[in-house]
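Okay, structure first, notes after.
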Amino acid sequence: MPDVLHILTEKLTRAIHAALGDQHAHTDPQIRPSNNPKFGDYQANFAMGLAKKLGQKPRDLAQQVVEKIDLENVCDKATVAGPGFINLHLGADFLNEQAAAALADTDRLGVAPAQPKQRVVVDYSGPNVAKEMHVGHLRSTVIGDCIARVLEFQGHDVKRQNHLGDWGTQFGMLIEHMLDCGADPRQTSFEVSDLNALYQDAKKKFDAAPAFADRARKRVVLLQGRDVDTGNLWAQLQSESYRHFRDVYRRMNVLLTEDDVRGESFYNDKLPTVLEGLQKAGLLQDSQGAQVVFPAGFKNRDGDPQAMIVQKSDGGYLYATTDLAAARYRIDELHADRIVYVTDARQSQHFAMIFATLRQAHWASDRVRLDHVPFGTVLGKDNKPFKTRQGGTVKLIDLLDEAEKRAATVIDQKNPDLSADQRDAIAHAVGIGALKYADLSNDRIKDYVFDWDRMLAFDGNTAPYLQNAYVRIRSIFRKGGVDSSTLDHGAISVRDPAERALAVKLLQLPAVIDAVADSLEPHRLCTYLYELASAFHQFYEHCPVLIAPDESTRDSRLALCELTARTLQRGLDLLGIQVIEQM
RNA sequence: GCGCCCGUAGCUCAAUUGGAUAGAGCAUCUGACUACGAAUCAGAAGGUUGGAGGUUCGAUUCCUCCCGGGCGCACCA
């Protein structure tokens, strides 16, 4: 089912063709939603630019095209305005039909499956084994999960990848410490109640006890040498760490599972091949004993070509090597058409160099799209990176606890009649939703200031505001005793300006999904949902539903409510946020 | 030193990728609950988009320079 934007684009493209001839058969009419109702619902912006090229007057050109537009069944009118804009006013019948079709399309709400379907790898979250997740993992986890959900909803074949930090010299000391704590290589489970303590204790011993440090270094060699007992201990640490990640992901409503784990260790045996490949491609060079590549277009602080080290002078590999190996795996084995990396903005240059190297080595052809999705820092009220009052790292689990606690307090104030169980369930959805929404609703490239009061506010662009709009709609159905599954889809008939505005906004969902999938900017979806909820609240004020003047109006408004509820629910779901029936 | 990112109303943020009069929320002020959740709505006020040039029919958006802030620039990830 083509959406409004596509229908209008098609109509205007035809009109341009008809007015100007075959050489303009594929001119983009530049259809955009109008930002002011007096300019219609949509506008075509092509005329000014095209007139310039053709040496004509923009308004004359626009008028020629307007005369060729087939308005039938779509627009009430199309008019030339201003310097040469074409304002398009959608017809009520068209809005009714489109809204009815979206309502009938239960799962997709009028969002057409993406063509062609692509295999998309989304790399996000990436915490470190043997450490608790902290605030530094929040943004990658939340943004990445949203992007994966959106691409999947479009119909793409999404492969989530959790690139865990599960390899490196620190595992020697961790494993030695595990042994000191009574771990047994021949058992399958080693329980850790506090991952951070495990790491810190190991580190303390490593720094203080030379004998222990010596054992740790030997243990690293054993680990890299595939010693069986050492491998078993390492695996126990893996699964114990993953237990923690799983708990955090579940509470956050993040879709990552153990199946998505492809940590650094997974690529360990593929690293020599990366070097051989670079050698074969003629890109590998020796520099002060290290093996490096010089991706085109990068300079260092002396103005010389910037090297990217892929093998240290002691023979060890670095994260550039692992990232190259991972990209090759994703392209060759996972058959990725597109790879999305969700990491903070500080790694922009690193990924630019990785991408350049992949292209130069012909490991990534032009048809593989490589996207780095950079994001800014979470700041405290002092505008510096978010820390605890003592200056320490903020644990993610503490953030989740406090989000729910604060949400519970707010819910208690607003709705004291709820049972404790109801209250807790609602506080979970609201608290976690607020936390995630605060992260998703800002342009991701910018830093943002973490502020509990603002994210949990029930007004403004927040998760609780959106969840509340949904709750209000459910409340209408409850109060009216109406079963939303038995609604007449064809009942929608917009008359009041508020009904009309709501319908126009509802029908913009497909275009918004497309924009998010292309730009990988979740805040666009947030902005849309906020505008939708605002449009609903205006409708709600001006258009009584249950006590509408007549039955057909009531049915129409109920159907609009239902479509709004489903759109909010779906939109929030794509953000990884849950709705509740009451709050 | 070079490179990347950011700078929009008092505060927190948008601006459909170059389109019309730069929009929201908070805070301030004025209205609206004997109609479905006032957890809302209607309205007022608030701007030299850090500054100066340039490109363009049109610039918050693109280019150059400058000023502020953040982050990168080889053996950590």
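In the text below, chain A, chain B and the rest are named by the order of the sequence lines, each starting its count at 1.
- The aromatic rings of A:H350 and A:Y319 lie parallel to each other, with less than 30° between the two planes, well short of the 60° mark.
- The separation of B:G19 from B:U61, taken at their C1' atoms, amounts to 11 Å, rounded to a whole angstrom.
- The interatomic distance linking A:H542 (NE2) with B:A32 (C1') rounds to 10 Å, in whole Å.
- Rounded to an integer number of Å, the gap from NE2 of A:H537 to P of B:A32 is 21 Å.
- Using the Watson-Crick or G-U wobble rule with both distances under 3.5 Å, B:A14 pairs with nothing in any strand shown.
- Nucleic acid contact class of A:Q508 (heavy atoms, under 4.0 Å, all strands): none.
- Once rounded to the nearest 0.5 Å, the distance linking CD of A:Q30 with CG of A:L12 reads 10.5 Å.
- Classification of the A:Y540-A:H537 ring pair by plane angle, with boundaries at 30° and 60°, yields perpendicular.
- A syn orientation is assigned to B:U17, its glycosidic angle lying within 90° of 0.
- Around the NE2 atom of A:H6, the shell of radius 6.0 Å holds no more than 12 heavy atoms that belong to other residues, nucleotides or ligands.
- In a base pair of the Watson-Crick type (N1 to N3 plus N6-O4 or O6-N4) or a G-U wobble (N1-O2 and O6-N3), with each distance short of 3.5 Å, B:A22 is matched with no nucleotide.
- Comparing B:U48 with B:C5, their P atoms are spaced 27 Å from each other, to the whole Å.
- Nucleotide B:G1 has B:C73 as its partner under the Watson-Crick or G-U criteria, with both atom distances under 3.5 Å.
- A distance of 9.5 Å separates CG in A:L90 from CD1 in A:I7, rounded to the nearest 0.5 Å.
- To the nearest angstrom, P of B:G58 lies 18 Å from CZ of A:F39.
- Residue A:Y465 places at least one side-chain N or O under 4.0 Å from the OP1 or OP2 atom of B:C41.
- For a distance-only test at 3.5 Å, the side chain of A:N87 qualifies as a donor-acceptor partner of the base of B:A20.
- With hydrogens and angles left out, the side chain of A:T527 and the base of B:A24 share no donor-acceptor pair within 3.5 Å.
- Centre separation under 5.5 Å together with a plane angle under 30° holds for the ring of A:Y540 and the six-membered base ring of B:C36, marking them as stacked.
- If you check every strand for non-hydrogen atoms under 4.0 Å, A:A81 touches a base.
- Rounding to whole angstrom units, CG of residue A:N383 and P of B:G7 are separated by 14 Å.
- For the side-chain contact (heavy atoms from CB on, under 4.5 Å) with A:F450, the lone residue among A:L435, A:L379, A:V135 that qualifies is A:L435.
- B:G68: Watson-Crick or G-U partner is B:C6, with both key distances under 3.5 Å.
- The side chain of A:I445 lies closest to B:C5 when the candidates are B:C73, B:A15, B:C5.
- Partners of A:R472 by side-chain hydrogen bond (donor to acceptor under 3.5 Å, both in side chains), not counting sequence neighbours: none found.
- The aromatic rings of A:W167 and A:W234 sit perpendicular, their planes meeting at an angle over 60°, well past the 30° parallel limit.
- Going from the C1' atom of B:U55 to that of B:U64 covers 11 Å, rounded to whole Å.
- Distance check on atom P: B:G18 versus B:G1 gives 32 Å, rounded to whole Å.
- Proximity note for A:F85 (side chain, C-beta onward) versus B:A15, B:G19, B:U40: the nearest is B:G19.
- Distances from the side chain of A:D459 to the nucleotides B:G25, B:A77, B:A20 place B:G25 closest.
- Atoms CG (A:N268) and P (B:A77) sit 12 Å apart, rounded to a whole Å.
- A 3.5 Å limit on both hydrogen-bonding distances identifies B:C63 as the Watson-Crick or G-U partner of B:G53.
- Using a 4.0 Å cut-off, some side-chain N or O of A:Q538 falls inside it from OP1 or OP2 of B:A42.
- Distance A:H350 NE2 to B:C76 C1': 12 Å, rounded to the nearest Å.
- Checking B:G70, B:C36, B:G19 against the side-chain heavy atoms of A:V545 singles out B:C36 as nearest.
- Separation of the C1' atoms belonging to B:C67 and B:A74 is 33 Å when rounded to the nearest angstrom.
- The nearest whole Å value for the distance from the CG atom in A:N461 to the P atom in B:G25 is 11 Å.
- A distance of about 7 Å separates the C1' atoms of B:A24 and B:A14, rounded to the whole Å.
- Base orientation for B:C73: anti, the chi torsion being more than 90° from 0.
- Taking atom P on both B:G70 and B:G31, the two are 46 Å apart, rounded to the nearest angstrom.
- In this structure, B:A38 forms no base pair with any nucleotide, since neither Watson-Crick nor G-U wobble geometry is met with both distances under 3.5 Å.
- When the P atom of B:C11 is taken as reference, atom NZ of A:K446 falls 15 Å away, rounded to whole Å.
- Remark: B:G43 base-pairs with B:C29. Criterion, Watson-Crick or G-U wobble with two distances under 3.5 Å.
- Not a single donor-acceptor pair, N or O on each side, falls under 3.5 Å between the base of B:A77 and the side chain of A:E264.
- Judged by atom type and distance alone, A:R32 does not reach the base of B:U17 through any side-chain donor-acceptor pair under 3.5 Å.
- At the phosphate of B:A38, OP1 or OP2 sits under 4.0 Å from a side-chain N or O atom of A:R472.
- The separation of B:U8 from B:U60, taken at their C1' atoms, amounts to 7 Å, rounded to a whole angstrom.
- Of the candidate nucleotides B:C36, B:A14, B:G1, B:C36 has the atom lying nearest to any side-chain atom of A:L546.
- The CG atom of A:L466 lies 4.5 Å from the OH atom of A:Y437; values are rounded to the nearest 0.5 Å.
- Note on A:N35: a side-chain N or O is less than 4.0 Å away from OP1 or OP2 of B:A20.
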